[in-house]
Structure formats: C-alpha cells, structure tokens
There are 2 protein chains.
Amino acid sequence: MNEPRAAIRVLIVDDHPLLREGIAAVLAGQADMDLVGEAVDGQDAVEQFRRHQPDVTLMDLQMPRLGGTAAITQIRSEYPSARIVVLTTYKGDAQAMRALKAGASGYLLKSMLRRELVETIRDVHAGRRRMPPEIAAGIAEHAADDALSAREVEVLRCVALGNANREVAAQLGIAEETVKAHMKSVLAKLSAKDRTHAVTIALRRGFIEM
Amino acid sequence: MNEPRAAIRVLIVDDHPLLREGIAAVLAGQADMDLVGEAVDGQDAVEQFRRHQPDVTLMDLQMPRLGGTAAITQIRSEYPSARIVVLTTYKGDAQAMRALKAGASGYLLKSMLRRELVETIRDVHAGRRRMPPEIAAGIAEHAADDALSAREVEVLRCVALGNANREVAAQLGIAEETVKAHMKSVLAKLSAKDRTHAVTIALRRGFIEM
DNA sequence: CGCCGGCTCCCCCGATCGGGGGATCGCGGC
DNA sequence: GCCGCGATCCCCCGATCGGGGGAGCCGGCG
C-alpha cells in the first residue's frame, strides 16, 4: 500500500469551530486529502490562501469582517486558477449567483453528507464544476427575471428598516418621487404585492440580509 | 490511569451531518463523555431519547419534521429531569425564550469553541444552567416588553406574505377591523414604524420565520 | 450613432395604512 | 365577584402607498 503521490491540499474557511472540526474529521479519513489550513473569516482566508496556496478552498459566505463573496473575488484576482467551493446554508438564488459570479467552482450545503463533500472536492480539484440540484433549480427558476440594480437594493434595505419613501429619499439624498419609482421597479421585478412582501421576498432570495 | 467511573452519555440532535461529525470528534477527545446517539430531526430525537436516555442532549432548533422546541417539550413531558442544551445559531430572543420555556437547561451557539461545548455539557450535567452572555443580554433587553400573542403572530405572518388587512381578514375568517386592531397592537409592542418594519423586527427577534 | 437600461424627477388619484377614539365578550386570576 | 387581557368589531380621518402616465440624462453596447 503506497502513500498517495500528491494529496489534494484543502483550506477551510468558516467561523464555526465545530463545523471546521467536522470537516477536518472527514478529511482525515481520506487518504488523498490534506487539510492545510483553517480560516475564520474572509480576511483570514485571503492571507491563508497566499500562505498555503491550497488546491481546493471550502468557503462559507457569511462571516465577520470580509464576507465570503468578497474573499472569493479577492483570491481569484490574485490567483485566477484558484478552485473555491462555497459551503453554506442556502440563502437564496441571488446570494448563490453572486458567489458564482465571483468565481466559485462549486456549491455545497451544510446539510450535505460526508460522501458529497469528498466527491465535490475531488470533482472540483479535477476541474469539474459541481452544483447541487436544489441550487441549480433555485437559480434556474429566476434566470429569466433581471436582478435588482444596486440602487434598488439600497432603497429596499431602507424600506425594510421601516422608512417611509420620504425618509428613504432624505437618507439617500434623492427626491421622494425617485424612491417611489425605484419601489415600483422593485415590486415589478420581484412580483411583490406590496413593500412588505418585497422585503420578505428579497430576504428569501438573498438580495438583502437582516 | 483509571477508566472514569461513569461517562456523561450525550445525544446529538442536528440535521447537519458535518456539524454532528465535529461534535463527535470533540466528544471523542473527552475521557468523561460518550456519544450515545445522533438524531437528525425532532421526531428522531424523541425516539432516540427514549431508547438511550442520555444524560445530556444537544439540540438544534430548526429542523425538518418536528422542530427543536417541540421536541424539547415532548421529551421533558416524558422525562421531566432530562437535561437539554440548545445548540443553534442565535435567531432572536423570542426563539431562545420559547426554548427555555420548553425546558432547555442551557444554550450554546454554533460559533462557540470546543472548550465551551465541553464545559457546558459538564455544567448542565451537574445541574447548573448555562447561558452565553449574548443570549442573556438579548433576552434581558426585551424582558420588559410583553410578547406577541398567538393571534398577533398569525396576523403578522400573513402580512409578511404581502397580504393587505382585508386579505388577512378573509384568510383568518375575521373582520378587517379586527386585523387592524391586531396590527396596531403589534406595531406598539415591537416599537415598529410600519408593517414592513414590524415584519423585519419580528424576523430578527424570532417571532416569525421565513 | 442609435438604442437600451439605470437613475433621476414630475403629476394624478384611488386604495390602503395607521392613529385616535370606543365597545362587547369570555376566560383566568385575585 | 371583579379586574385585566386578549379577541372581536365599529367609526373617523389624515398620511402614505402604489399604479398610471410622462420626461430628461448618461453610460455602455452593438
């Protein structure tokens, strides 16, 4: 029984120590995988990536300091061939879409099994993309809709905090009529019945967070 | 070096295999703790509890089928001395409050460290209660406010889905004026500026879920 | 260059919201 | 038995929302 020639070097990025422990335990049982580092947030992830240059990075999305999507963007700008797998609880198609646009090669849900974890790592390391059907379906469902613009998201965030159109206008330094125009667009794009509905849809789909 | 007389028998309840793996790894490193079972949802938890009668149960709150709070209620009704620790990501004071009222002896955040996990298990097993300062502070902050009534929560859930007062009334089989009265009460209790604000506050504090 | 989409601003107007008031009923605790 | 509270219903009314219309400016893309 020979030692494997070159094990897949893996970096974990997640702010939950217990989850990192779990992944470490799974990787320890795989002869062809080595855990080379653990990062607790996006900033840490970028630094650890520079230091270890792992073959595959498992990245959570919501973390303190630098978020996961920003970390992916940063890493991929320095190392365009970096293979990064998102590992998170699904928070909507918009969230997933942003991560994929930032350069993620795969997606894993925290509810997935050990087997799927190691298979995904091997697939992504081999250059394949890997996407759970739920995620693919979620994205496909809204592939036709055009996404909210940055300004629309900004307006909606203010509305979610209980601001009237006039207050949003004051905060963003624009006219109330402009805010109303943005809200019209948001309601149409999200197929929402009113502003409250728009906020809950946007939360579900990951356009805004709480 | 003697084998410990009686190890603490622990049951894990969580629908994330990787997290269970992590906890299992931590417990394996503790001489005075034995993992006696793993459950993937509330229903499973009740059955496993009956079978193993563990000393301490680590319980996630949001799971498919039977939820964590309901599982705690069920278990404590059959075994009033059961020691159950909630292990979850913090989802608001109302959520935590419900779990404690159901009979949880402690609270753990998934972002906590190995050390805190084992310390909490030992403390709770010894009959002490254990509560992270963040949670205690979150609950204390709203200790004075009175909670939303069941009906108010029901109304708010409908409102969150984009229903106008009249539509909510039709769905609940009551008059529109009654819905308005409930909403007035909700806005006052949550100190919300409008219905949208009420919904986001209620989501943050765990009165409603998405 | 022309077009499209995003951002900005404006008007009209009916529908809805939210704050104020008040009222009845039933249930559980003191 | 009385009180409090939740649930139910009712009225008034000003403020806000949301749908309809239109219009100008700018930056990117074919």
Side-chain angles (χ1 to χ4, degrees), chain A residues 93-94 97-98 101 142-203 205-208, chain B residues 94 97-98 101 142-203 205 207-208:
Chain A
D93 62 289
M97 194 61 122
R98 276 200 302 276
K101 279 199 177 137
H142 299 288
D145 332 359
D146 31 23
L148 298 185
S149 73
R151 197 56 156 172
E152 285 160 355
V153 170
E154 214 167 346
V155 168
L156 196 53
R157 245 194 291 267
C158 289
V159 168
L161 296 174
N163 292 299
N165 290 335
R166 188 178 308 155
E167 295 167 330
V168 176
Q171 278 171 39
L172 299 182
I174 55 181
E176 182 182 350
E177 288 301 328
T178 309
V179 174
K180 292 182 74 169
H182 284 309
M183 279 308 295
K184 273 186 224 187
S185 173
V186 168
L187 292 174
K189 284 181 178 177
L190 299 183
S191 305
K193 293 200 277 185
D194 58 35
R195 53 178 53 217
T196 305
H197 197 200
V199 167
T200 58
I201 291 173
L203 283 169
R205 293 190 49 193
F207 286 110
I208 61 177
Chain B
M97 195 60 121
R98 277 200 300 276
K101 279 201 176 133
H142 298 287
D145 334 357
D146 31 23
L148 299 185
S149 72
R151 198 54 155 173
E152 284 161 356
V153 170
E154 213 169 346
V155 168
L156 195 54
R157 245 195 292 267
C158 288
V159 168
L161 295 174
N163 291 300
N165 291 333
R166 189 177 307 155
E167 294 167 329
V168 176
Q171 278 171 39
L172 299 183
I174 55 181
E176 182 183 351
E177 288 300 329
T178 308
V179 174
K180 292 183 74 171
H182 284 310
M183 279 308 294
K184 273 186 225 186
S185 171
V186 168
L187 291 174
K189 285 182 179 177
L190 299 184
S191 304
K193 294 201 276 185
D194 59 34
R195 54 177 51 217
T196 305
H197 196 199
V199 166
T200 58
I201 290 173
L203 284 169
R205 294 190 49 194
F207 286 111
I208 60 177

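Residue numbers begin at 1 in each chain, while the letters A, B, ... track the order of the sequences. Please read all numbers here as calculations on a predicted model, not as lab measurements.
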Indicate the atoms forming the closest heavy-atom contact of [X] with [Y], along with that distance.
| X | Y | answer |
| --- | --- | --- |
| A:Lys193 | B:Leu161 | CE-O, 4.1 Å |
| A:Ala198 | A:Leu190 | O-CD1, 3.6 Å |
| B:Thr200 | A:Ala160 | OG1-O, 2.9 Å |
| B:Cys158 | B:Asn163 | O-ND2, 2.9 Å |

Identify all side-chain donor-acceptor contacts of residues 150-157 of chain B below 3.5 Å with residues at least two apart in sequence or on another chain.
unit_1, atom_1, unit_2, atom_2, d
B:Arg151, NH1, B:Glu154, OE1, 3.2
B:Arg151, NH1, B:Glu154, OE2, 3.4
B:Glu152, OE1, B:Ser149, N, 2.8
B:Glu152, OE1, B:Ser149, OG, 3.4
B:Glu152, OE1, B:Lys189, NZ, 2.9
B:Glu152, OE2, B:Ser185, OG, 2.5
B:Glu152, OE2, B:Lys189, NZ, 3.4

Rounded off to whole Å, could you give me the [atom1]-to-[atom2] distance for the [X] and [N] pair?
| X | N | atom1 | atom2 | answer |
| --- | --- | --- | --- | --- |
| B:Glu167 | C:dA15 | CD | C1' | 12 Å |
| A:Met183 | D:dT16 | CE | P | 16 Å |
| A:Lys184 | D:dG21 | NZ | P | 9 Å |

Is there a side-chain polar atom (N or O) of A:Asn165 under 4.0 Å from OP1 or OP2 of D:dT16?
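No, outside the criterion.
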
How does protein reach along nucleotides 23-30 of chain C, written 5' to 3' as B (base within reach of a heavy atom under 4.0 Å), S (only sugar-phosphate), or - (no contact)?
--------

Close N/O contacts between protein and nucleotides 23-30 of chain D (under 3.5 Å):
none

Quick check on contacts: within residues 190-197 of chain B, what sits under 4.0 Å from DNA chain C by heavy-atom distance?
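The answer is B:Asp194, B:Arg195.
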
Strictly below 4.0 Å, heavy-atom distances to any atom of DNA chain C: list the hits from residues 172-182 of chain A, or just say none.
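Heavy-atom cutoff 4.0 Å gives A:Ile174, A:Ala175, A:Glu177, A:Thr178, A:Ala181, A:His182.
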
B:Arg98 CZ to B:Lys101 NZ distance, which is reported to the nearest 0.5 Å
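So the CZ of B:Arg98 and the NZ of B:Lys101 are separated by 10.0 Å.
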
Point-to-point distance, once rounded to the nearest 0.5 Å, from CG of A:Asp194 to CG of A:Leu187
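With rounding to 0.5 Å, CG (A:Asp194) is 7.5 Å from CG (A:Leu187).
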
Pull out every residue in residues 148-156 of chain B that has a heavy atom closer than 4.0 Å to any atom of DNA chain D, ordered by number, or say none.
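B:Ser149, B:Arg151, in order of number.
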
Test log, rule side chain to side chain contact (heavy atoms under 4.5 Å, CB included), inputs B:Val179 and B:Gln171:
CA-CA 11 Å; B:Val179 174; B:Gln171 278 171 39; over 6 Å; no

Taking the side chain from A:Glu167 and the backbone from A:Ala164, do they hold a donor-acceptor pair closer than 3.5 Å?
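It does hold such a pair.
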
